[in-house]
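Below you'll find the structure, written out as C-alpha cells, and then a few comments.
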Protein chains: 2
Amino acid sequence: MAPPPRITITQVAAEAGVSTATAGRALGGYGYASDEVAARVQAAARKLGYKPNMLARSLVTGRSQTIGVVAADIDNAFYARVLRGIGDVARSRGFGVILTNSDENLDREKEAVQLLLEKRVDGLIITPCDVHGSEHLRNLIAGGCPAVQIDRAAYDLAADSVTVDNRGAAREAVAHLLTAGHKRVGIIAELEQIDSGSLADFVAQAAVSPLTAETLYPSWQRLLGYLDAHRDAGVPVQTQLIRRAGAYSSAAARHEAVDLLESGARPTAVFAADGTMSQGLMQAIADLKISVPGQLSVVCFDDLDWMTFMQPAITSVHQPVHRIGSMAAELLLSRIAGETSMPKHNVLEARLNIRDSVGPPPH
Amino acid sequence: MAPPPRITITQVAAEAGVSTATAGRALGGYGYASDEVAARVQAAARKLGYKPNMLARSLVTGRSQTIGVVAADIDNAFYARVLRGIGDVARSRGFGVILTNSDENLDREKEAVQLLLEKRVDGLIITPCDVHGSEHLRNLIAGGCPAVQIDRAAYDLAADSVTVDNRGAAREAVAHLLTAGHKRVGIIAELEQIDSGSLADFVAQAAVSPLTAETLYPSWQRLLGYLDAHRDAGVPVQTQLIRRAGAYSSAAARHEAVDLLESGARPTAVFAADGTMSQGLMQAIADLKISVPGQLSVVCFDDLDWMTFMQPAITSVHQPVHRIGSMAAELLLSRIAGETSMPKHNVLEARLNIRDSVGPPPH
DNA sequence: CTGAAAGCGCTTACAG
DNA sequence: CTGAAAGCGCTTACAG
C-alpha cells in the first residue's frame, strides 16, 4: 500500500556494478560507454523500473526542457488552438509545456511570468497584455530568457513575435463588401485600449497620414484595414458606422450591433472584427430578425471557428491559428538552442473564406 | 548583452551576512527566523533580485508543486474549458500545470504520462483513452502518484473521477422530444469503441437487463439514456434510427445524418450526442435545406458551446465543463495534500437548455 | 533563533 | 572507456 520508493541512478549503477557517472552516461545518452556496459546498465534500469528525475538533471544542466506559455485566456478557441500548435511542436522535441492564463490582466501576467521563471522554463511564449511594453518583460529579455510574443507585439520589446496580418485581412474582408456594391458598411470591433487618443482622432489621423499597424492591438489593426478598404474604394468613411464594444464581450458587441442596426442610417453590411464580436453581431441579427444576406450582408472574423456551421454559412476571415502556435514554438526552440539573430516579427496571412452571407445591398 | 548570472540563495545569504540555512528559512517561510534577520535577508533578496529555483527546492522536498494534465485534445472546446477550470484552481493554490495531449492514442498517453512522471508532477489529471484500464495507469496509482480521471472512468482503476451524468442528460433530452409528441427520434452518436459486442447486441441487452453506465464511454452512456427515455415513454426503439458515426468526426456524423434524414422512415426529431456530432447534424440539415423546427426538431449535446448563437437557437444539453476541471483539480490537490479515503466517482449534472429547435412533429 | 554539515539525484570536468 | 570527486541550489535534521 505504501508507495514503493523511487529508483535512483545510484541503485541502477549498483545493480549494474558500475559508477553512477557511467550509469548516467549509458542512460542519458551523453558521454561514452562501451556497448557491453551500456547494455548491462540498461538491463539494470529496466529491471528496477528506473525513471530519470528530470528535476535533478535540470538543476545541474541548467536547462529544464520546458517552455512556459502565458495565454490571455485558454478558455477561448483561439488560444486553445495556439496551444495545440505549441504542444505539438514541444512534444515532438521532447519539451514539456507549462500553461498559465493572464486574463489580460497585468498583475496576473506578472505572477504567471514569475511562476514560470521559478520553474526555470527554458523560454516562454506570451500574449503581452500591454503592447506598450511592460518593464517586467523587458527585464525578462534582459535576463536572457528567450521569449516569443503571440497575437500582438509590444513595440519596444526586443523579442520575436508571431502575429496575423490583421490589417490586410480586414482590408480584404471589407473590400469584399464594398465590391459587392455596399456603400454603408458597419464595423463592430473591440477597440478597448486607446492607442492614439479618441476613436475619432484615430480615424482622422489615419485619413491624412499612413499609420503603421505593427504595434497596435489586433482590433485597432483591423479597424485600420477597414479604413484602408474604404480609401482604396473611394467610399467615404462614416464614423457612426464604426462601433466600439469597448470590451472583449459578446454582450457588449450585441448591444452595439443592435444600436447600429436600429439606427437611422442602418448599414447594408457589417464586418465583425473578431470571434466574440461576431457572436454579438449574430445575436443582434437574431434579436432583430434580420435576414442574411437578404437585408444585411455579413463578414466575420472567425477566431472561434464556428462560422462554417451556421446557417447561412458566414463569409469569414480564417486565421492560421494552429500555425501561430507551432511557429512560435519552433522559433522559441531555435532561440533556446542558441540560434542568435535579430528578433523578427513574423506576420502570417489570414484567408477570406467566401460563403453565403454576402449579397448585393437591398433595393 | 550576456545574460546576467542568476542570483542564488548563497549570494543572498552572503549579502545579508547569514548562513544559507537561515536565508532559506527567512525566504522560504519554513522554520524560524528573527524579525530582524528576516528583514535583512528579504532586503538582500530584493536588492539582488533573487528568484528561488523551484527545481532545487523540489529536488530536496520531493514535491514539485506542479500537476500534470493529459487531455485528449486541447484543440477542443471541452478540454479547453476543463483546462481553464484546472488552471484557475492550480493558480490559486500556487501550483503549475503541465499540459499534454493524448489524441485518444494509447502510445501518446503513455509517453505523456512518462514525461509528466519524469518532471515529477505531484499528481495528474487524465482522460484515460482506454476505459478498460491500461496497465500503465494502474502502475502509476500503485507507484503512489495521485490521479483524477476526467470525462470517463476506467472501470478497474482505483482513482477518483469527475464525469457528467451523460445517461441522465441524454434521457432528459430525448424525453423532451418524446413529450413533444415525436415517435421517431433519431440519434447520431460517436459509439466508436465497442463496449459490449455489436450495437444491436447492446440495444437488445439494454432492453432486457438494466445496464450500468459507470464504466462506459460517454457516447455509449448517452445512447443508454436515449434507450431509457424510450422505455420510460413506452415508445418502441427503432434500430435504424440509431446512427453511429464510428469516429469523433463531424464529417462522419454529417454523412450518417444525411443518410438518416434521407431514409424512407425519416425521423421527426434527432438527438445529436456530442458537440462534434451536432456539427455534422447541423451541416446535414443545411445540406438538405431542412427547416428547424418546422420539418425536424433537434436537441444537441453542446460540448462546443456554440448552439446558443445559431439560428434558430438550438435546445441543447449544457455540461458544467469548467466545474469538471475545477473539481478535478480540487480533488487532486486534496489527495496530494495527503487526504486519504476511498476513490470516489463524482458525477455532475448536465442542464437541458430549452430553445427554439423543438416543435411538434410535422402534420 | 542560527549555523555547519549532509544530502536530494543527477552531470561534469578531471584523472586514469 | 570508466570512476572518484565536486557541485547544481536548495532544505533538513542536528547541535548549539
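Just so it is clear: chains get the letters A, B, ... in the order the sequence lines come, proteins before strands, and each one is counted from 1. As the structure is a computational prediction, the values presented were derived from the model and not from experiment.
Between I7(A) atom CD1 and dC10(C) atom C1' there is a gap of 15 Å when expressed in whole angstrom units. Rounded to an integer number of Å, the gap from CG of L55(A) to C1' of dC8(C) is 10 Å. Look at NZ on K51(A): it is 17 Å from C1' on dC10(C), rounded to the nearest Å. Per the geometry, CE belonging to M54(A) stands 17 Å off C1' belonging to dC8(C), to the nearest Å. Atom CZ of R40(A) and atom C1' of dT2(D) are 11 Å apart (whole Å). In this structure, CZ of R6(A) is placed 13 Å from C1' of dG9(C), rounded to the nearest angstrom.
Looking at DNA chain C, the stems built from 3 or more consecutive Watson-Crick or G-U wobble pairs, each pair with its key distances under 3.5 Å, are C:1-3 with D:14-16, C:5-12 with D:5-12, C:14-16 with D:1-3.
Judged by distance alone, the side chain of T100(A) and the main-chain N or O of V69(A) form a donor-acceptor pair under 3.5 Å. Remark: side-chain polar atoms of Y217(A) are paired, donor with acceptor, to backbone N or O of V131(A) under 3.5 angstrom.
Listed by residue number, the members of residues 111-120 of chain A with any heavy atom below 4.0 angstrom from DNA chain D form an empty set.
For the pair T22(B) and dT2(C), the criterion of a side-chain N or O lying under 4.0 Å from OP1 or OP2 is not met. The side chain of S58(A) places no N or O atom within less than 4.0 Å of a non-bridging phosphate oxygen (OP1 or OP2) of dC8(D).
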Heavy atoms under 4.0 Å is the rule here; annotate nucleotides 11-16 of chain D 5' to 3' with B where the base is hit, S where only the sugar-phosphate is, and - elsewhere. SBB---
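Under the rule for a side chain to side chain donor-acceptor pair (under 3.5 Å), the partners of R323(A) that lie at least two apart in sequence or sit in another chain are S326(A). Looking at residues two or more places apart in sequence or on another chain, you find a side-chain contact (heavy atoms from CB on, under 4.5 Å) between S19(A) and A21(A), T22(A).
No hydrogens or angles considered: nothing links the side chains of D73(A) and Y248(A) as a donor-acceptor pair under 3.5 Å. No side-chain donor from either of K119(B) and S64(B) sits under 3.5 Å from a side-chain acceptor of the other.
Of the candidates dG9(D), dT2(C), dC1(D), the closest approach to any side-chain atom of L59(A) belongs to dG9(D).
Between I126(A) and E109(A), the closest side-chain pair of non-hydrogen atoms falls below 4.5 Å.
Annotation: the span from R335(A) atom CZ to S341(A) atom OG amounts to 4.0 Å, rounded to 0.5 Å.
Here salt bridge (Lys or Arg N to Asp or Glu O under 4.0 Å) pairs that include residues 43-56 of chain A, with residues two or more places apart or in two chains, are E15(A)-K47(A).
Counting heavy-atom neighbours within 6.0 Å of Y30(A) OH, excluding the residue itself, gives a total above 12.
Evaluated for a side chain to side chain contact (heavy atoms under 4.5 Å, CB included) with D160(B), the options V148(B), L332(B), I150(B) yield exactly one hit, V148(B).
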